[in-house]
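As the structure is a prediction and not an experimental result, all values here were calculated from the model.
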Amino acid sequence: MRNIIVIAGLLLAFTAMAGNAQSKQKQKKKYVKQVVSIERAVAEEKPKPVTIVNPALQLYGEWTIIEIQNKAVYTQERPYIYIDFNGKKFYGNNGCNAINGNFTLKGNAIAFNNIISTNQTCSSTTSELTVMRNFAEVRTFELSSLYNVEYMSLKNANGKVIMKLRRQNLDFLNGAWTVKEMAGQNVFDRNVKLVIDVQMKTVNCLTKCNIINGIVKIDPIKEFDVEFEDLKSTHHMCDDIRTETQMLICLEETVSCKKINNSEMALMNHRGTIVMVLKKHDLRAARNTAKK
């Protein structure tokens, strides 16, 4: 009788453990959602200062003007400057017209001069003349960063910040990625991969039987914005067409991204819900494994 009771108890215990395991499998893995607004986050946590080590490398490139005299910028066109150290020139847009000119740089001292613009007529809340006038007053700069976003503060002769610019660093998107999750479900096939090239603006996806190619679109006005467009797939028939279909859906829904950690990245839809989790693919490790 004792043996029967012990066996019955063990059966009940195993049944309870199996039930708990099934309930855990049904629970979707949760991640902390992306901060919707970097500006709102900055109000709670200030950007960290960045030491100027190599100005030519740290300032080079495109910067969007987001604030003038501590006020948000509202213009007809996106106001930005592109700093080019070849010839110490810069060009961009003042919110209405294309602009270009020269700049001088020594330490953290910077000045913009010989600025010219086109003569298109625009109506914007932030006047293009305001943009031009503040550029003429710039004397020094500082760099800072927060949530993988880089900021440049331009100051006048009195040390007051008169312009704030932002450059998003989405270089972490570059490279080969293994698809870890799609639509909240684990992807066990490690041969499902993506290769993203931000500079070339291309995405290439590999499934069991087809290749998907598309265009990477990044809007510098929005935080961590990334979209995949013009997605085209080869048309080979295969048994696991669902994986490819789900990948296309997830890529089409993607509007933003964020780093989960140093080796994983999340792609999210417009509601901030994660649609795909990617894990950095170590090409060196893959080659070494293949050799063995």
Side-chain angles (χ1 to χ4, degrees), residues 35-118 122 124-171 219-225:
V35 177
V36 177
S37 171
I38 294 297
E39 277 69 30
R40 190 169 63 194
V42 171
E44 300 173 1
E45 183 180 347
K46 293 182 179 180
K48 298 177 182 178
V50 173
T51 304
I52 308 300
V53 179
N54 187 340
L57 181 64
Q58 292 173 274
L59 294 182
Y60 191 96
E62 187 171 296
W63 298 82
T64 298
I65 304 169
I66 58 173
E67 287 183 7
I68 295 180
Q69 300 288 354
N70 292 322
K71 293 182 180 179
V73 174
Y74 298 98
T75 52
Q76 185 169 312
E77 301 290 336
R78 179 174 67 91
Y80 74 95
I81 58 171
Y82 189 100
I83 299 177
D84 187 352
F85 279 81
N86 295 323
K88 295 291 181 69
K89 296 181 180 295
F90 80 95
Y91 59 86
N93 194 292
N94 60 18
C96 174
N97 284 285
I99 59 174
N100 65 72
N102 301 100
F103 69 92
T104 57
L105 180 68
K106 186 175 182 180
N108 73 326
I110 189 170
F112 299 92
N113 44 62
N114 301 324
I115 306 174
I116 59 174
S117 71
T118 54
C122 300
S124 303
T125 305
T126 303
S127 168
E128 61 178 306
L129 293 177
T130 302
V131 177
M132 301 293 278
R133 189 162 52 245
N134 280 273
F135 262 123
E137 294 180 10
V138 172
R139 295 295 180 269
T140 59
F141 76 95
E142 286 182 355
L143 296 179
S144 58
S145 67
L146 178 64
Y147 300 126
N148 206 49
V149 178
E150 299 173 355
Y151 295 92
M152 176 163 57
S153 298
L154 300 178
K155 301 181 178 182
N156 62 15
N158 296 323
K160 177 185 176 183
V161 176
I162 56 175
M163 300 182 76
K164 191 172 184 180
L165 301 87
R166 178 181 64 209
R167 177 172 65 187
Q168 292 181 175
N169 181 9
L170 294 182
D171 288 344
D219 186 346
I221 296 179
K222 301 174 183 176
E223 295 84 12
F224 299 106
D225 175 89

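Note: Asn134 CG to Leu154 CG = 9.5 Å, rounded to the nearest 0.5 Å. Separating the CD1 atom in Ile110 from the CD atom in Glu142 is a distance of 13.0 Å, to the nearest 0.5 Å. Asn158 contributes atom CG, which lies 9.5 Å from atom CD of Glu137 (distance to the nearest 0.5 angstrom). Rounding to the nearest 0.5 angstrom, the gap separating the CG atom in Leu143 from the CZ atom in Arg167 is 8.0 Å. In this structure, CD1 in Ile66 is found 10.5 Å from CE in Met163, a value given to the nearest 0.5 Å. The line from CD1 of Ile115 to CG of Asn100 is 9.5 Å long, rounded to the nearest 0.5 Å.
When all heavy atoms of Pro47 and Leu146 are compared, the closest pair comes out as CA-CB, 3.9 Å. Minimum heavy-atom separation, Ser117 to Asn97: CB-CB, 4.2 Å. In this structure, Leu105 and Gly107 approach most closely via the heavy-atom pair CD1-O, 3.8 Å. The nearest pair of heavy atoms linking Met132 to Asn94 is SD-ND2, 3.7 Å. Nearest approach of Ala157 to Arg139, heavy atoms of both residues: N-CG, 3.7 Å. The two residues Trp63 and Glu150 have their closest heavy-atom pair at CZ3-O, 3.9 Å.
Put simply, the side chain of Asp84 gets close to the backbone of Asn86: a donor and an acceptor are under 3.5 Å apart. The backbone N or O of Ala98 sits less than 3.5 Å from a side-chain atom of Thr118, completing a donor-acceptor pair. Between the side chain of Thr51 and the main chain of Val53, no donor-acceptor pair closer than 3.5 Å is present.
The salt bridge (Lys or Arg N to Asp or Glu O under 4.0 Å) test applied to Glu77 returns no partner, not counting sequence neighbours.
A ring-centre distance under 6.0 Å is found for Phe112 and Phe135.
Between Glu67 and Arg166, every side-chain heavy-atom pair lies at or beyond the 4.5 Å cut-off. Between Tyr80 and Leu165, every side-chain heavy-atom pair lies at or beyond the 4.5 Å cut-off.
Taking the six-membered ring for Trp and thresholds of 30 and 60 degrees, Phe85 and Tyr60 have nearly parallel ring planes, at less than 30 degrees apart.
Each salt bridge (Lys or Arg N to Asp or Glu O under 4.0 Å) pair with one or both residues in residues 85-111, not counting sequence neighbours, would appear here, but there are none.
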